[in-house]
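Beneath this line is the structure, given in structure tokens, with notes to follow.
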Amino acid sequence: MSASLSRPRVGVWLIGARGSVATTVVTGCAAVAAGLHLPTGMVTETPAFTDSGLPALSDLVFGGHDTVDCPLPKRAETLTAGGVLPPGIATAVAAELTAADREIRPGGPTPGDTRSETELITAFADDIRDFVHRHGLERAVVVNVASTEPASQGPDAPLPASTLYALAALRAGCPYVNFTPSEGMHHPAAAREAERSGLPYAGRDGKTGQTLLRSVLGPMFAQRALTVRAWSGTNLLGGGDGAALADPAAAAAKNAGKERVLTDTLGTTPQGETHIDDVPALGDWKTAWDHIAFDGFLGTRMILQTTWQGCDSALAAPLVLDLARLTARAHESGLSGPLDALAFYFKDPVGDAPSGLAEQYEALIRFAGRLREGEAGEGAAEREDAADGAAHPAREVRGTGDRP
């Protein structure tokens, strides 16, 4: 994408850069920046964020890692045929898609990959640094939008790919956002490095549909003093995420955040479970159904049922753009550590944040005010230390079998 030479450009390095979400992010950013579509779904384009110092959409430069080789323009064609992208948009922004595709590097580990954890982290970090250097970027934000991984197998298991990428982001001196339920920065090895780095980070698991609704309805029941007896849910989805979540271990990681929202907002854990079913025919579309049994005055039993039908990539893409811009601005302002104020976007947010959407939104708007004022908080000194530490990539990250 073109940008004014007088304005600094910001990199957005996507993990899973050729997936549906990433393709929609790059396509949508180019289309909105060119005035071809309105920024529907982007909270950072509302008046509350005016003059908050966020990078312009036209100043974002995309790259990333992926283990597949389908070019972004071809991927965009597939999404157009599936009704995810509007007709003609992929053609209109073909140059931007091609430019982003040139910046995608091989990810890993792939089957047969003999590199150690240290070698993988170093290679990923070098890719990110090279991207920043070649484009003369002021900074870059690493955002994980890859498919969900199975839950961790314990402290002695190899580091999951999401954690390797998180450690690479830290080593490259980049803030990190985990839009997936995968472990990423939550792994103890990465959590220690994150604390030492002084870099800001946010996550995890983007809140796009069913949990978004739960974060509104849970507080409603609690505030109206209605007793929720049971809350059951079902998700039907296809695409890459549907296939990944067919693995019970991956589904368990996803459901943990969904159920935590209910416990936090209701003050108790209701009966019922959430199920995820892979329906390949649905493609990028998903249906989420909830059945809520609750008691009213004098114990009168009542039922609320909700159905959410949406396109996963179109729901996620504006949030990813919001998060990249907000995290880049937080980094510029000298903030460090978990960005609690971005809990609005996540099922399982890092840091100490409320679970109700209204409270999360209020915190986000206050955060916009801080960014507008350029408030650095207490993180500026730590960020300077992190910049120094980025020059020492061997720090505390060792090879396979020798856990950090």
Side-chain angles (χ1 to χ4, degrees), residues 15-25 27-28 41 66-68 70 72 74-87 90 144-151 161-162 178-182 204-217 230-262 271-293 303-320 346-348:
I15 308 304
R18 290 192 171 113
S20 296
V21 172
T23 306
T24 308
V25 166
T27 304
D66 209 320
T67 56
V68 301
C70 178
L72 282 180
K74 184 66 176 178
R75 183 67 174 145
E77 288 179 13
T78 302
L79 293 177
T80 301
V84 177
L85 300 177
N144 185 2
V145 291
S147 296
T148 303
E149 294 174 338
S162 63
N178 187 4
F179 200 75
T180 79
S182 301
R204 87 182 147 166
D205 199 2
K207 185 163 57 187
T208 59
Q210 184 179 47
T211 310
L212 176 67
L213 195 57
R214 288 181 172 191
S215 67
V216 175
L217 294 177
W231 197 314
S232 301
T234 296
N235 284 257
L236 308 177
L237 69 162
D241 222 22
L245 292 170
D247 181 341
K254 185 83 170 178
N255 284 334
K258 289 177 178 288
E259 293 166 358
R260 187 175 298 110
V261 168
L262 298 181
Q271 296 180 18
E273 296 180 350
T274 302
H275 299 276
I276 299 176
D277 295 332
D278 177 27
V279 185
L282 293 180
D284 206 56
W285 301 81
K286 65 180 180 182
T287 296
W289 171 75
D290 271 0
H291 183 280
I292 308 159
I303 297 292
L304 172 64
Q305 294 187 26
T306 66
T307 303
W308 177 289
Q309 294 178 306
C311 173
D312 202 38
S313 296
L315 289 166
L319 309 188
V320 172
F346 298 105
K347 296 182 182 73
D348 185 19

Item to complete: Might you point out which heavy atoms bring Gly16 and Val145 nearest each other, and give the distance in Å?
Response: O-CG2, 4.0 Å
Discussion item. Restricting to non-hydrogen atoms, name the atom on Trp308 and the atom on Thr208 that form the minimum distance, rounded to 0.1 Å.
Written reply: CZ2-O, 3.3 Å
Practice prompt. Measure across Gly206 and Phe346 and return the closest heavy-atom pair with its distance rounded to 0.1 Å.
Written response: N-CD2, 4.0 Å
Worksheet item: Do Leu304 and Leu217 have side chains that get closer than 4.5 Å, going by heavy atoms?
Response: yes
Item to complete: Identify the heavy atoms of Thr80 and Pro86 that sit nearest to each other, and give their distance.
Response: CG2-O, 4.2 Å
Worksheet entry | Shortest non-hydrogen contact from Arg214 toward Trp231 | NE-NE1, 3.5 Å
Response to the item:
One should read off an interatomic distance between Ile15 CD1 and Thr180 OG1, to the nearest 0.5 angstrom, of 10.5 Å
Worksheet item: Is the closest side-chain heavy-atom distance between Trp285 and Gln309 below 4.5 Å?
Response: no
Fill in: Thr24 to Ser313 - nearest heavy-atom pair and separation
OG1-CB, 3.4 Å
Worksheet item: Can you tell me how far NE2 of His275 sits from OG1 of Thr234, rounded to the nearest 0.5 angstrom?
Response: 6.0 Å
Worksheet item: Taking atom CG of Leu319 and atom CG of Leu212, what is their separation to the nearest 0.5 Å?
Response: 8.5 Å
Worksheet item: Is a donor on one side and an acceptor on the other found under 3.5 Å between the side chain of Thr148 and the backbone of Pro181?
Response: no
Worksheet item: To the nearest 0.5 Å, how far apart are CD in Gln271 and OG in Ser232?
Response: 8.5 Å
Worksheet item: If you round to the nearest 0.5 Å, how far is CG of Asp312 from CG of Leu282?
Response: 11.5 Å
Practice prompt. Measure the spacing between CZ of Arg75 and CG of Leu79 and express it to the nearest 0.5 Å.
Written response: 5.0 Å
Discussion item. When you measure from the side chain of Thr211 to the backbone of Lys207, do you find a donor-acceptor pair of N or O atoms at a distance under 3.5 Å?
Written reply: no
Worksheet item: Backbone N or O of Asp66 within a donor-acceptor pair of the Arg18 side chain at under 3.5 Å?
Response: no
Worksheet item: Would you say the side-chain atoms of Glu149 pair up with the backbone N or O of Ala161, donor to acceptor, closer than 3.5 Å?
Response: yes
Worksheet item: Do Ser162 and Arg204 get their side chains close enough for a donor-acceptor pair, meaning under 3.5 Å?
Response: no
